[in-house]
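Encoded as structure tokens, the structure appears first; notes follow it.
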Amino acid sequence: MAEDKKPGVPIGKQAPEEQKPEPPAPEAPPAPAQTEQAVIPGMEGPPAKENKVIDLSSVQPGAGQEKEGGHQEEPEKPRRGRRPKAKEAPAQGEKPKRKGHPPKSEKQAPGGGGAGRPARVPKQDKAAGPPAPAKEEAPPPPAPEQPPQPRDASRAEKEEIVYLDLSQLHPFQNHPFGVRDDVEMEGLVSSVKAGGVHQPALVRPREGGGYEIIAGHRRQRASELAGFRNMPCIVRNMTDDEAVLAMTDDNLRHRETILPSEKAAALRQQYEAIKHQGARGDGADVGKLSLDKVGERNSMSGKTVQRYIYLNDLVPELKQLMDGGKLSFTPAVEVSRIRPKHQKYIAVSIEGQQSSPSKAQAKKLREMDEKNQLNPDVIDAVLSQEKKKEDFDVIISSAELAQFFGKDKTPREMKDQIMALLGEWKEKQPPELGKGEKKVDREK
């Protein structure tokens, strides 16, 4: 190969006299600059001329390569790691690839892949999240639930309406509800005189003879005042617990006027009957479950039931003041936790001062009783103190709210609706009402 080389001409280039470029045509673009041709290992002689096909089949990979000076190049030892990429020789007339950014002429519009590269697929925005999965076919809607079949209301024992003499009817033992000859009784008497008793009373056989009234004490009194000798009744055999629950349910749900002491006694009887029947749990859990069950029967919470049961611990004098409206519900609950001898002093002080204790005063009396600091003089001193203006609670029973709201309404929804209606009512009031409110605010 050394003989073929011409002096002063580097390998891979032709002599100037052998390559005579023709002048470019005036209209044709300038010919590309002549580039150097790489020497392919194993090829003898000078590089081929332009547009000449080179047969590379005779070139064997790994053939001995000679360096300048005739020495044979030793094969490279294999290196560890990744195999090097084979470098391909550029075709004739093509510029060799350069490292780095491509020239401006090869750049394309956004989304293009450049010269010889496929167009890039735009990446999905990460904020958009993963691609939505293919929608699956919705399962068929479940079949509508069949309404429960109506139950049979008939009892195992045949019951008939019988007319019993009023002298054979006896009041329920420890009946918590009083029978008063008031305005309501006068209306009931007039109804009985006109058409008799429309709803039969419920009674059960009595050990000493006769019958014990479970539900119908006021109907029995109205029949007597109306001049009847007998009244329609249904005789049913019942246990003591069943009789208590039936008696309290009927009176708590149908009586128009119920005194606080009557309601307290009725709820305590219900609580004892349910607890005696057997509730799940042991120890204190029995009481909690029984209170909740009583609350469910009367549309109130178990805590409210417990507070009513506390009222049974009041002495008779304080019960009378509570039923007469001289002792409010919440202070009465606090006073009921005081020892009975001190409760009697409190009743005397309320009557003497003609002033009922506030919630704060009742709580203070209870705390002093627990510390053994209570006596008649201290009670008078506490009750004679000027009452501070306190936030008061307006209690509306669930039975009263049930007349205006359905059972699906929550307490929060009821409150929001009530406040909205009060707001509408206030806007319709005359301006004098607003002036009065401002005057009260200034006095505060």
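Annotation: side chain to side chain contact (heavy atoms under 4.5 Å, CB included) contacts of Q269 (sequence neighbours excluded): N174, P176, V244, M247, T248. Not counting sequence neighbours, S384 has no partner by the side-chain hydrogen bond (donor to acceptor under 3.5 Å, both in side chains) test. In this structure K158 satisfies the salt bridge (Lys or Arg N to Asp or Glu O under 4.0 Å) test together with E160, sequence neighbours excluded. A search for side chain to side chain contact (heavy atoms under 4.5 Å, CB included) contacts involving E413 returns K409, T410, not counting sequence neighbours. Taking the side-chain hydrogen bond (donor to acceptor under 3.5 Å, both in side chains) definition, one finds that D182 meets it with nothing, sequence neighbours left out. Residues meeting the side-chain hydrogen bond (donor to acceptor under 3.5 Å, both in side chains) test with N251, sequence neighbours left out: R255. The side-chain hydrogen bond (donor to acceptor under 3.5 Å, both in side chains) check on Q168 picks up nothing, with sequence neighbours excluded. Contacts of E296 classified as side chain to side chain contact (heavy atoms under 4.5 Å, CB included), with partners at least two apart in sequence or in another chain: none.
Residue pairs that meet the ring-ring contact (aromatic ring centres under 6.0 Å, His included) test with at least one member in residues 227-266, sequence neighbours left out, do not exist here. Annotation: ring-ring contact (aromatic ring centres under 6.0 Å, His included) contacts involving residues 295-318, sequence neighbours excluded, comprise Y308-F329. Every pair passing ring-ring contact (aromatic ring centres under 6.0 Å, His included) that includes a residue from residues 174-193 is listed here, sequence neighbours excluded: H175-F177, H175-H217.
The nearest pair of heavy atoms linking A332 to M322 is CB-SD, 3.9 Å.
A donor-acceptor contact closer than 3.5 angstrom links the side chains of D323 and S261. The closest side-chain donor-acceptor pair between Q270 and D249 falls under 3.5 angstrom.
More than 12 heavy atoms of other residues, nucleotides or ligands shown are found within 6.0 angstrom of CD on E159.
Counting heavy atoms from C-beta on, the side chains of I338 and I346 come closer than 4.5 Å. The closest side-chain heavy-atom distance from Y211 to R206 is not below 4.5 Å.
Look at R221 and D181 and you find a salt bridge, because one of the NZ, NE, NH1 or NH2 atoms lies within 4.0 Å of a carboxylate O, short of that distance. With respect to the salt-bridge test (charged N to carboxylate O, under 4.0 angstrom), the residues D240 and R204 qualify. Salt bridge E334/K363: absent, no basic N to carboxylate O contact under 4.0 Å.
Of the possible polar contacts, none joining the N298 side chain to the M300 backbone as a donor-acceptor pair under 3.5 Å is found. The closest donor-acceptor contact from the side chain of S223 to the backbone of R219 lies under 3.5 Å.
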Using distance only, find each side-chain donor-acceptor pair of residues 188-195 under 3.5 Å and give its atom names and separation, not counting sequence neighbours.
residue, atom, partner, partner atom, Å
S190, OG, E186, O, 3.1

